[in-house]
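Heads up, the thing below is written out as structure tokens.
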Amino acid sequence: FTNSEGNELGKVARRGWASIWKARYEIYNEANENNLIIQEENPWIKVGDALLSEIPILGLLTGYLFNPAYVVKDKNDQVIYRLKKEASFFGRKFSLQRLSDQSEATDIQATLSLMMMILLERRRG
């Protein structure tokens, strides 16, 4: 991520094979240090969504039944943010909760990383 002046703010990277079952992304700060991790709370929600979405008519209800949640953890494995997909027909609403006070830089890195993760997970299925 870069700001309007072109200064790097950080980046987000997916953990290759380790994240096939349970989504996991690493957030790096501007000094290229891994300081935060995004993890899917319950991978079974993704499985249920995939199975039910294949059934005609019932597949339309998956946006109401299966709502994944993701947590952002710091180096001490403490949950500092929680992102949850809200129940909706098209699945486009998310809520983000800040569970502990963080610096402005951490807020920016986490928010931008979660937005990118949502886009990547959506394409992934």
Side-chain angles (χ1 to χ4, degrees):
F1 315 114
T2 58
N3 61 11
S4 59
E5 289 92 35
N7 300 325
E8 187 172 318
L9 301 175
K11 62 182 176 180
V12 63
R14 184 170 157 234
R15 299 255 338 234
W17 287 102
S19 64
I20 285 179
W21 166 246
K22 189 174 188 179
R24 180 184 166 105
Y25 293 82
E26 295 178 347
I27 302 173
Y28 295 88
N29 62 15
E30 60 279 352
N32 208 24
E33 299 168 337
N34 175 267
N35 59 342
L36 301 172
I37 293 173
I38 302 172
Q39 280 186 319
E40 189 171 12
E41 275 189 330
N42 185 354
W44 286 105
I45 291 175
K46 189 186 320 178
V47 172
D49 183 37
L51 292 174
L52 192 63
S53 65
E54 297 298 321
I55 301 171
I57 300 173
L58 288 179
L60 298 173
L61 302 174
T62 59
Y64 288 106
L65 300 174
F66 299 104
N67 300 305
Y70 302 88
V71 292
V72 179
K73 296 181 179 182
D74 62 9
K75 292 179 185 177
N76 302 321
D77 210 34
Q78 177 185 0
V79 176
I80 55 176
Y81 300 97
R82 185 169 189 267
L83 178 78
K84 182 166 177 35
K85 183 177 150 289
E86 299 296 324
S88 64
F89 190 67
F90 292 110
R92 295 182 180 157
K93 291 184 180 184
F94 290 85
S95 65
L96 178 62
Q97 293 176 293
R98 182 193 303 173
L99 304 175
S100 70
D101 289 332
Q102 300 296 316
S103 68
E104 183 180 352
T106 301
D107 281 343
I108 291 170
Q109 290 170 359
T111 303
L112 293 173
S113 296
L114 286 167
M115 289 191 310
M116 179 61 92
M117 186 265 321
I118 290 169
L119 294 172
L120 292 170
E121 286 298 302
R122 182 176 163 200
R123 187 171 18 153
R124 209 174 140 209

Indicate, with yes or no, if [Y] and [X] share a hydrophobic cluster defined by side-chain heavy-atom contacts under 4.5 Å among Ile, Leu, Val, Met, Phe, Trp and Tyr.
X	Y	result
I80	I118	yes
F94	I108	yes
M117	L9	yes

So, using side-chain hydrogen bond (donor to acceptor under 3.5 Å, both in side chains) as the criterion, who are the partners of [X] when residues are at least two apart?
X	result
N7	none
Y81	D107
N35	Q109
N32	K11

Who pairs with E33 by side-chain contact (heavy atoms from CB on, under 4.5 Å), at least two apart in sequence or on another chain?
->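 Partners of E33 under the side-chain contact (heavy atoms from CB on, under 4.5 Å) test: N29, A31.
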Kindly write out the residues that satisfy side-chain contact (heavy atoms from CB on, under 4.5 Å) with S4, not counting sequence neighbours, or none if the list is empty.
-> none
Please find the pair of heavy atoms, one from [X] and one from [Y], that lie closest to each other, and give the distance.
X	Y	result
Y70	E40	CD2-CA, 3.6 Å
L36	T106	CD1-CG2, 3.8 Å
A110	I27	CA-CD1, 4.2 Å

Report the residues that fulfil salt bridge (charged side-chain N to carboxylate O under 4.0 Å, His left out) with [X], sequence neighbours left out, ordered by chain and then residue number.
X	answer
E8	none
E41	R82
K73	D77

Side chain proximity check, Y25 to L114, heavy atoms < 4.5 angstrom = no
For the residue pair I38 and L83, establish whether any side-chain heavy-atom pair is separated by less than 4.5 Å.
-> no
Other cluster members, L99 - Ile/Leu/Val/Met/Phe/Trp/Tyr, side-chain contacts below 4.5 Å = V71, V79
Nearest-0.5 Å distance that lies between atom CD in E5 and atom CG in N3 =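 Here the rounded value is 4.5 Å.
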